Amino acid sequence: MLNLHDALKQTNIDPHLKEVLDTIAASCKSIGGKLRGGALSGVYGSESSENVQGEVQKKLDVVANALLKHALLSNRHVAGVASEEEDDVISGGDEGRYLVTFDPLDGSSNIDINVSVGTIFSILPTSTPGSQVTMDDFLQPGHQQVAAGYVLYGPAITLVLTTGNGVDVYALDYDGDFYQTHAQIKVPEATQEFAINMSNQRFWEPAMQNYVADLLQGEEGPIGKRFNMRWVASMVAEVHRILTRGGIFMYPYDKREPDKPGKLRLMYEGNPMSFLIEQAGGACSTTRMSIMDVVPEQIHQRVPVVLGSKEEVERVNAYHQQATS
Ligand code: AHM
Ligand code: MG
């Protein structure tokens, strides 16, 4: 079977980018090791600290962030990193040509209950090689990404990767290597499964309320088919399900905190997941525009996220267009 290293060798991507991807895979293996030990690894529970977004950090958020940060900053091809758990961007080596953004442990509320979590990463080119990076270097729209992926720590540890030429899936074997299990996966165009945190329903915009109300009417409603619902509260697990069997995932704008356009972050969640989903033939949207066209103004910026099977994402967009026309 093809391992990650050999699979990357077969592509014509920059060898320096391959080294960055190898570093990410190795760090995620270590994070997976901590998770496998559960409470025995001493990584359950919360820190007394909050991250820059005012969220209480879990112990594993901090451990995973440190692992990835130190490994990436030791790689000479990395010009800088930005993390959901860091206040500011951090400069790497002067000769580096790649910027890496990551959510070291996504789905943190699942850590202590032993439910799937993940690491999400996005790689951007730097336009100013040879100099110290600043936040401005990172503020590129998602369509500039050269690679993106995630590692899902579920019953199996699974790496899902795109370098702009489709999406491949790898599983971590007992020998400590990632082996390719699926090549060029595709999101089915139509679906009958949706994922949204229904407890926020009363805070959504009317168009989203209408769309979900119509979904719930099943075959008797205007959409004309019965839907099933899933909510893992771990975006990596939801996206993995959608890449595997289709579906639609929504974390829309809601008015709980009116100054924040949604819960999820553009640079660590919205963009990398959109790159993967679009490379697998699915669609992504803020409900108003393509996520990867959003020009970031802040490194920790939030974005409404709708992604998955094309037919359903287009339907959500149409509900929002109708509401504004
Ligand atoms: P996190 O990065 O702080 O873990 O938050 C992101 C997670 C996503 O994985 C998931 O889709 C969402 O938050 C779940 O939110 P909720 O708590 O509303 O269910
Ligand atoms: Mg996250």
Side-chain angles (χ1 to χ4, degrees), residues 28 31 34-35 43-47 49-65 67-69 82-87 101-122 148-154 158 160 193-204 208 212 229-243 247-257 260-274 276-277 284-287 291 298-308 313:
C28 291
I31 298 169
K34 303 268 179 214
L35 277 159
V43 292
Y44 280 180
S46 299
E47 296 284 359
S49 51
E50 284 186 354
N51 65 15
V52 65
Q53 296 144 84
E55 297 159 339
V56 174
Q57 289 179 302
K58 295 278 183 186
K59 281 187 187 161
L60 199 60
D61 285 329
V62 174
V63 170
N65 184 56
L67 270 165
L68 270 161
K69 179 174 76 174
S83 161
E84 190 179 300
E85 302 300 335
E86 294 284 335
D87 296 5
T101 76
F102 54 89
D103 181 353
L105 219 289
D106 185 63
S108 309
S109 71
N110 281 340
I111 299 170
D112 296 350
I113 57 167
N114 195 15
V115 171
S116 294
V117 289
T119 296
I120 313 172
F121 59 91
S122 156
Y150 61 76
V151 171
L152 169 63
Y153 311 103
T158 308
V160 179
E193 195 160 66
F194 74 101
I196 194 165
N197 184 342
M198 284 296 295
S199 67
N200 298 325
Q201 184 179 27
R202 68 190 190 282
F203 303 115
W204 301 334
M208 187 54 77
V212 174
M229 196 197 90
R230 288 286 184 274
W231 188 250
V232 188
S234 171
M235 188 189 196
V236 175
E238 319 276 9
V239 169
H240 196 68
R241 186 184 62 248
I242 290 170
L243 283 169
I248 182 165
F249 168 88
M250 295 165 280
Y251 215 118
Y253 169 82
D254 68 52
K255 59 182 187 214
R256 280 176 295 172
E257 294 179 82
K260 289 185 185 154
K263 175 179 182 187
L264 301 178
R265 277 129 298 209
L266 177 63
M267 307 296 290
Y268 321 113
E269 290 153 338
N271 277 340
M273 292 311 204
S274 296
L276 286 165
I277 290 284
C284 307
S285 147
T286 66
T287 69
I291 293 174
Q298 285 296 326
I299 193 74
H300 296 299
Q301 174 169 336
R302 315 242 178 182
V303 67
V305 173
V306 175
L307 58 79
V313 175

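Both counts, for ligands and for their atoms, begin at 1 and track the order of listing. Values below: every heavy atom of this structure, side chains too, minus hydrogens, waters and symmetry copies. Computed from a prediction, not measured in an experiment: that's the story for all the values here.
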#### Entry: Any side-chain donor near an acceptor of the partner, Asn271 and Ser122, under 3.5 Å
no
### Query
Is there a donor-acceptor contact under 3.5 Å from the side chain of Ser274 to the main chain of Ile291?
no
### Message
If I apply the N/O under 3.5 Å rule, does Gly107 come out as touching ligand 1?
### Response
yes
### Message
On a heavy-atom basis, which atom in Val43 and which in Lys59 lie closest, and how many Å separate them?
### Response
O-CB, 3.5 Å
### Query
Are any of the N or O atoms of Asp103 closer than 3.5 Å to those of ligand 1?
yes
### Candidate with minimal heavy-atom separation from atom 12 (C) of ligand 1, of Arg256, Arg265, Lys263
Lys263
### Donor-acceptor pair between Tyr153 and Thr119 side chains, under 3.5 angstrom
yes
#### Entry: Beyond-backbone contact of Met235 with Asp103, side-chain heavy atoms, under 4.5 angstrom
no
#### Entry: Pairing residues for Ser285 by the side-chain hydrogen bond (donor to acceptor under 3.5 Å, both in side chains) criterion, not counting sequence neighbours
Asn317
### Task
Using a strict cut-off of 4.0 Å, indicate which atoms of ligand 1 neighbour a heavy atom of Glu269.
2 (O), 6 (C)
### Query
Is there at least one pair of N or O atoms, one from Ser109 and one from ligand 1, spaced under 3.5 Å apart?
no
### Task
Give a yes/no verdict on whether any heavy atom in Glu238 is under 4.0 Å from an atom of ligand 1.
no
### Message
Under the rule for ring pair (Phe, Tyr, Trp, His ring centres under 6.0 Å), what residues qualify as partners of Tyr251, not counting sequence neighbours?
### Response
Trp231
### Query
For atom 11 (O) of ligand 1, which candidate among Gln57, Met198, Met235 provides the closest heavy atom?
Met235
### Query
Is it true that Tyr268 lies under 4.0 Å from ligand 1, counting heavy atoms only?
no
### Mode of Ser234 contact toward ligand 1 - side chain, backbone, both, neither (heavy atoms, under 4.0 Å)
backbone
